[in-house]
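The structure under discussion appears below in the form of structure tokens.
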Amino acid sequence: IQPLSSLDVNGKRVFVRVKLRGLHSMHHMAPTGQCGFDAYIGEVGSMIYAGLARFLAAASEYESAVCNFPTATMRTVTINFPLREGVHEVAIGVDEGSRVVAAPARALRRPVIIYGTSITQGGCASRPGMAYANILSRRIDCEFINLGFAGNGRGEPEVAHVIATLPPPALFIMDYEANCGELPRVKETLEPFLQILRKRWSKTPLLVISRIPYAVETYNEEARRGRLERRDFQRATVARLRRAGDKAVAFLDGNGLLGEDFTECSVDGVHQTDLGFLRMANGIEPTIRKLLVFAVQDSVPPVGG
């Protein structure tokens, strides 16, 4: 989970003192994304990027300013945690004499939960705020809980049972196809996972998002065909569940989220750059907003194609 901390501060500087669980170790992800913190100022809907922790990539402990303002004015500061490396300890520091108070509560008290893969988790954004879940959290006034698991997130029923112990969220998003493997595994896991959640969350909107395209599909027709087969199965499953009476489940086609030039959106043909995550957030946001409008009703409208 990539948590974020929001606070109102009237000082000029905000610092982090960090003890990580490990070092930067990835060839395809910037240290600032794997191990760093970044900060935004302002309210949801109008947040502005304000700064980034600076540290040596070989360091597992560091102290750094994440904000340095010219004047001491009360501001809402949101700090995003690292996207990959675990955080053993973190302390937030401000200038002596600064006043710190809790930030305003989110308008929607129930969270949006996103379950999925390393892409969901934020790989390989250059800094934490550019993961698509964090981009969405700056635009939509509710908490986002990111349950993206690198190398995992395969729709295991055991995980569904654990997630279902949480209080009903405003919306649950399932973005797990990238790690699920071939079509038989999707067939084995998708509906059981959704049904486990539905037994505990009777009215929660459940959104299934099919996988974004990978660069290999431009020259490997078999790879492209396999993704489209998995997409079509997910869409058909959601349509069947809706016909059977579950009007709070919806589907969104990930095929077009990145645009026609999708090969320019990734680091390694799979994991997204900041550009890819921005496009994903832009494409997913309208659907989330539509579903949240109906989060307290008995049914949600069909979305996606």
Side-chain angles (χ1 to χ4, degrees), residues 1-26 28-44 46-70 72 74-96 98 100-104 106 111 114 118-139 143-150 267 271-274 276-278 281:
I1 300 175
Q2 291 86 55
L4 55 79
S5 177
S6 294
L7 57 157
D8 281 356
V9 182
N10 72 342
K12 289 186 177 182
R13 296 180 296 175
V14 178
F15 300 84
V16 291
R17 179 184 296 156
V18 183
K19 184 177 181 180
L20 301 172
R21 295 188 180 276
L23 301 173
H24 175 255
S25 59
M26 302 178 69
H28 63 326
M29 188 169 184
T32 48
Q34 182 180 347
C35 301
F37 290 71
D38 67 4
Y40 284 75
I41 57 173
E43 307 301 326
V44 175
S46 59
M47 288 189 184
I48 301 171
Y49 171 67
L52 177 74
R54 299 173 183 269
F55 58 96
L56 296 176
S60 61
E61 299 182 38
Y62 62 84
E63 181 177 318
S64 174
V66 290
C67 297
N68 195 345
F69 303 117
M74 183 61 75
R75 301 174 175 89
T76 298
V77 179
T78 299
I79 301 174
N80 294 291
F81 279 49
L83 296 173
R84 289 279 305 202
E85 193 53 60
V87 178
H88 183 68
E89 295 178 1
V90 62
I92 307 298
V94 295
D95 290 323
E96 185 175 0
S98 299
V100 180
V101 298
R106 294 281 187 149
I114 308 179
S118 56
I119 297 173
T120 314
Q121 184 175 335
C124 290
S126 67
R127 54 182 178 80
M130 292 311 297
Y132 84 78
N134 287 344
I135 295 173
L136 291 168
S137 76
R138 296 195 292 275
R139 300 176 177 180
E143 179 185 7
F144 278 71
I145 297 177
N146 188 328
L147 299 181
F149 300 100
V267 174
H271 298 93
Q272 298 305 288
T273 62
D274 296 354
F277 281 127
L278 183 63

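Ser46 contributes atom OG, which lies 12.5 Å from atom CZ of Arg139 (distance to the nearest 0.5 angstrom). Taken to the nearest 0.5 Å, the NZ atom of Lys19 stands 15.0 Å off from the CD atom of Glu63. Here Gln34 contributes atom CD and Met29 contributes atom CE; the two are 6.5 Å apart, rounded to the nearest 0.5 Å.
Scanning both residues, Leu23 and Ala59, for their nearest heavy atoms gives CD2-C, 3.6 Å. Of all non-hydrogen atoms in Gln121 and Ala150, the two that sit nearest each other are OE1-N, 2.9 Å. A pairwise comparison of heavy atoms in Gly122 and Ala131 identifies CA-CB, 3.8 Å as the closest pair. Looking at every heavy atom in both residues, Thr32 comes nearest to Ser126 through OG1-O, 2.5 Å. The heavy-atom pair separating Leu20 from Glu85 by the smallest distance is CB-CG, 4.1 Å. The two residues Ile119 and His271 make their nearest non-hydrogen contact at CG1-CD2, 4.1 Å.
Between Tyr49 and Ile41, the closest side-chain pair of non-hydrogen atoms is not below 4.5 Å. The shortest distance between side-chain heavy atoms of Tyr132 and Gln272 does not fall below 4.5 Å. By the 4.5 Å heavy-atom criterion applied to side chains, Phe55 and Cys35 are counted as neighbours. Residues Ser25 and Arg84 fail the side-chain proximity criterion, which asks for heavy atoms closer than 4.5 Å. Looking at Thr273 and Cys124, their side chains never come closer than 4.5 Å, going by heavy atoms from C-beta outward. Between Arg106 and Val44 there is a side-chain heavy-atom pair separated by less than 4.5 Å. Looking only at side-chain heavy atoms (C-beta outward), Ile92 and Ile79 come within less than 4.5 Å of each other. Residues Thr120 and Phe149 have side chains not in contact (no heavy-atom distance under 4.5 Å, counting atoms from C-beta outward).
Considering only residues two or more places apart in sequence or on other chains, Arg21 meets the salt bridge (Lys or Arg N to Asp or Glu O under 4.0 Å) condition with none of them. Legend: residues meeting side-chain hydrogen bond (donor to acceptor under 3.5 Å, both in side chains) with Thr76, ordered by chain and number and at least two apart, are Asp8, Glu43. The side chain to side chain contact (heavy atoms under 4.5 Å, CB included) check on Arg13 picks up Phe15, Asn68, Asp95, with sequence neighbours excluded.
A cation-pi arrangement is absent between Arg138 and Phe144 under the rule of less than 6.0 angstrom and at most 45 degrees off the ring axis. Relative to the six-membered ring of Tyr62, Arg17 misses at least one condition, a distance below 6.0 Å or an angle of at most 45° to the axis.
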* To do: Check the pair Leu52, Phe37 against side chain to side chain contact (heavy atoms under 4.5 Å, CB included), reporting the backbone distance first and the verdict last.
  => CA-CA 6 Å; Leu52 177 74; Phe37 290 71; over 6 Å; no

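With hydrogens and angles disregarded, a donor-acceptor distance shorter than 3.5 Å links the side chain of Asn134 to the backbone of Pro128.
Paired with Val16 under the rule side chain to side chain contact (heavy atoms under 4.5 Å, CB included), one option of Asp38, Val87, Val66 passes, and it is Val66.
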